[in-house]
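For reference, the structure discussed in these notes is given below.
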Amino acid sequence: MTQAEIQDPVRDEVPEPPQRRSLLDRLFEIRARQSTVGREVRGGLTTFVAMAYIVLLNPLILGAATDITGARLSAAQVTTATALAAAVMTVLMGLVGNAPLALAAGLGINGIVAFQMAPTMTWPQAFGLVVLEGVCIVLMAVSGVRERIMNAIPRPLKTAITVGIGLYIALVGLVSAGFVTRVPDAAETTVPVRLGASGHLHGWPIVVFCFGLLLMIVLMARKVPGAVLISIGVATVFAVVLHEGFGVGGWGLTTPALPDHVVAAPNFGLFGHIDLFGGFASAGALAATVFLFTLVLSGFFDAMGTITSVSDEAGLSKNGKVPRMGRILLVDGAGAIAGGVTGSSPNTVFLESAAGVGEGARTGLASVVTGLLFAGTLLFTPLAGVVPAQAAAPALVVIGGMMVAQCRHIPWHDPDYTIPVFLTAALIPFTYSITNGVGAGLIAFVLIKIGRGKWREAGWLLSLLALVFAVYFAVDGVEALFR
């Protein structure tokens, strides 16, 4: 024992003064969740890189459709709307929900808006229904109805909806790129769709698509951060070289021509252009109601699954419950409202948030970082107009394939689910309608339960939903009888 220790035997027992908590630590509980500011910043950046492709992809999907008047959305306006909504809602999730969850325009849900709703109404009316969807989700989150509906629909059917949407957006990607085309008169041929424009692949635009798809597959297999965004960027550079250097054409709606300016003022032309109830007049009260129901169904089920899985991966769940779940669900519902108001389609929690969690993100600070990065993209909207469908479409195919992988959770051996699950997953891409797939699956499930004498297992709520869809399918035929 040293002389110093003899003179001060209790020196090591004196407690250290408590460390002062920084403002960030008080706001986001960084130390309590065993994280650091550096990890949160790195996680937020990783999440942004992993999902920034939506700023390029959402204009491709929404811009590929026309509304009932033939109007088409501007790529610059949709790009601005997508970045704005993602920035605001992701920052809000960080501040209110204190969770490493980022929001943006949901893939699959934007397909409903573009390809199912817009052809039956105007764009402002479609975005009005999106706002109503968000209001419904917020009210259901507050009242507890959301959990009741979740419990009513069997898990295999929820999974089948995800699988069907995955097939659907993959098909949209293949068609957008020209890899698959519709036969003009399918009745005179053996197939309704074919490979390329004439049954064979040819042309440099198809080469760009195949190159981008293969690159994306390899990068994702090697778990490269930002694989989707990197692949879109490389494929776009390839397309620009072909177009500007060699005069290659045939790109479709978006030509990969260099813009006059890289930086430009955001175009907020879609902001606030909504018609809340006009869609009920244009599409019909029943059809608009079913559209609204489908938006709500797709939106909150996808969000619940994503929130749960990402929170589990981050180690935030306690006894199966996620802290601040009520606040998180409220922000998620508000994301749909923001998507309608901005004109970007419903915003929801992205599964790519798991990429940031893998880099150490545990708090809402990571979401704030991600949101601020999305805000920065508002100044670079001209770049979105350079990306051709052939460069962006591989993301739809790959992400669709990842969604289809959920079919491993379906109990295919159970006769109560086999046909309903198949109808749900198959009819969504085959009919280009998520509504049709969901309705057919619910009706088949309820009928099977009744036929097997298990009608009580279906429950009154699910039976009511099946009845609503039955009326939806029959409405045109009933109207024809009375003409």
Side-chain angles (χ1 to χ4, degrees), residues 57-67 70 72 107-120 160-214 216-217 231-232 235 239 249-254 294 298 387-407 419 421-441 473:
L57 207 55
N58 197 43
L60 171 67
I61 296 173
L62 294 182
T66 57
D67 68 6
R72 194 181 298 275
L107 284 173
I109 306 178
N110 53 8
I112 301 175
V113 177
F115 303 112
Q116 301 305 315
M117 294 168 57
T120 66
I161 294 172
T162 300
V163 172
I165 292 176
L167 291 170
Y168 176 49
I169 66 173
L171 181 58
V172 169
L174 293 171
V175 172
S176 298
F179 192 87
V180 169
T181 59
R182 182 179 65 86
V183 178
D185 189 356
E188 298 180 1
T189 65
T190 57
V191 294
V193 294
R194 62 191 173 192
L195 195 65
S198 60
H200 301 281
L201 298 177
H202 60 84
W204 281 104
I206 296 296
V207 173
V208 171
F209 168 76
C210 294
F211 169 74
L213 179 61
L214 294 175
M216 193 174 298
I217 292 172
S231 301
I232 292 176
W251 300 99
L253 296 175
T254 303
T294 304
S298 300
V387 182
Q390 291 78 7
L396 290 176
V397 178
V398 170
I399 293 171
M402 294 171 63
M403 295 172 70
V404 172
Q406 296 296 318
C407 67
I419 298 302
V421 162
F422 169 75
L423 289 176
T424 301
L427 288 182
I428 289 176
F430 288 170
T431 66
Y432 244 56
S433 171
I434 297 172
T435 304
N436 292 345
V438 173
F473 286 128

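Of the inter-residue distances, the one linking L201 atom CG with L195 atom CG reads 4.0 Å to the nearest 0.5 angstrom. Atom OH of residue Y168 and atom OG1 of residue T431 lie 8.5 Å apart, to the nearest 0.5 angstrom. Remark: L174 CG to T181 OG1 distance equals 11.0 Å, nearest 0.5 Å. For the atom pair CD1 (I217) and OG (S231), the distance works out to 9.5 Å, reported to the nearest 0.5 Å. To the nearest 0.5 Å, the span separating CG on N110 from CD1 on I61 amounts to 4.0 Å.
In terms of heavy atoms, R182 sits closest to V193 at CA-CG1, 4.3 Å. Scanning both residues, G400 and A170, for their nearest heavy atoms gives CA-CB, 4.4 Å. Residue I428 comes nearest to G437 through the heavy atom pair CG1-CA, 3.7 Å, listed as atom of the first residue, atom of the second, then distance. Looking at every heavy atom in both residues, A425 comes nearest to V163 through CB-CG1, 4.0 Å. When all heavy atoms are compared, the tightest approach of L427 to N436 is CD1-O, 4.5 Å.
Put simply, the side chain of R72 gets close to the backbone of G63: a donor and an acceptor are under 3.5 Å apart.
Remark: L60 pairs with L57, A389, A392 by the side chain to side chain contact (heavy atoms under 4.5 Å, CB included) rule, at least two apart or across chains. In this structure F422 satisfies the ring-ring contact (aromatic ring centres under 6.0 Å, His included) test with no other residue, sequence neighbours excluded. Qualifying side chain to side chain contact (heavy atoms under 4.5 Å, CB included) partners for A235, counting only residues two or more places apart in sequence or in other chains: V208, A391. With sequence neighbours excluded, the residues forming a side chain to side chain contact (heavy atoms under 4.5 Å, CB included) with A65 are A114, F115, W123, listed by chain and number. The ring-ring contact (aromatic ring centres under 6.0 Å, His included) test applied to F179 returns F209, not counting sequence neighbours. Applying the side chain to side chain contact (heavy atoms under 4.5 Å, CB included) criterion to V207, with sequence neighbours excluded, gives W204, F238.
No more than 12 heavy atoms of other residues, nucleotides or ligands sit less than 6.0 Å from atom CZ of F430.
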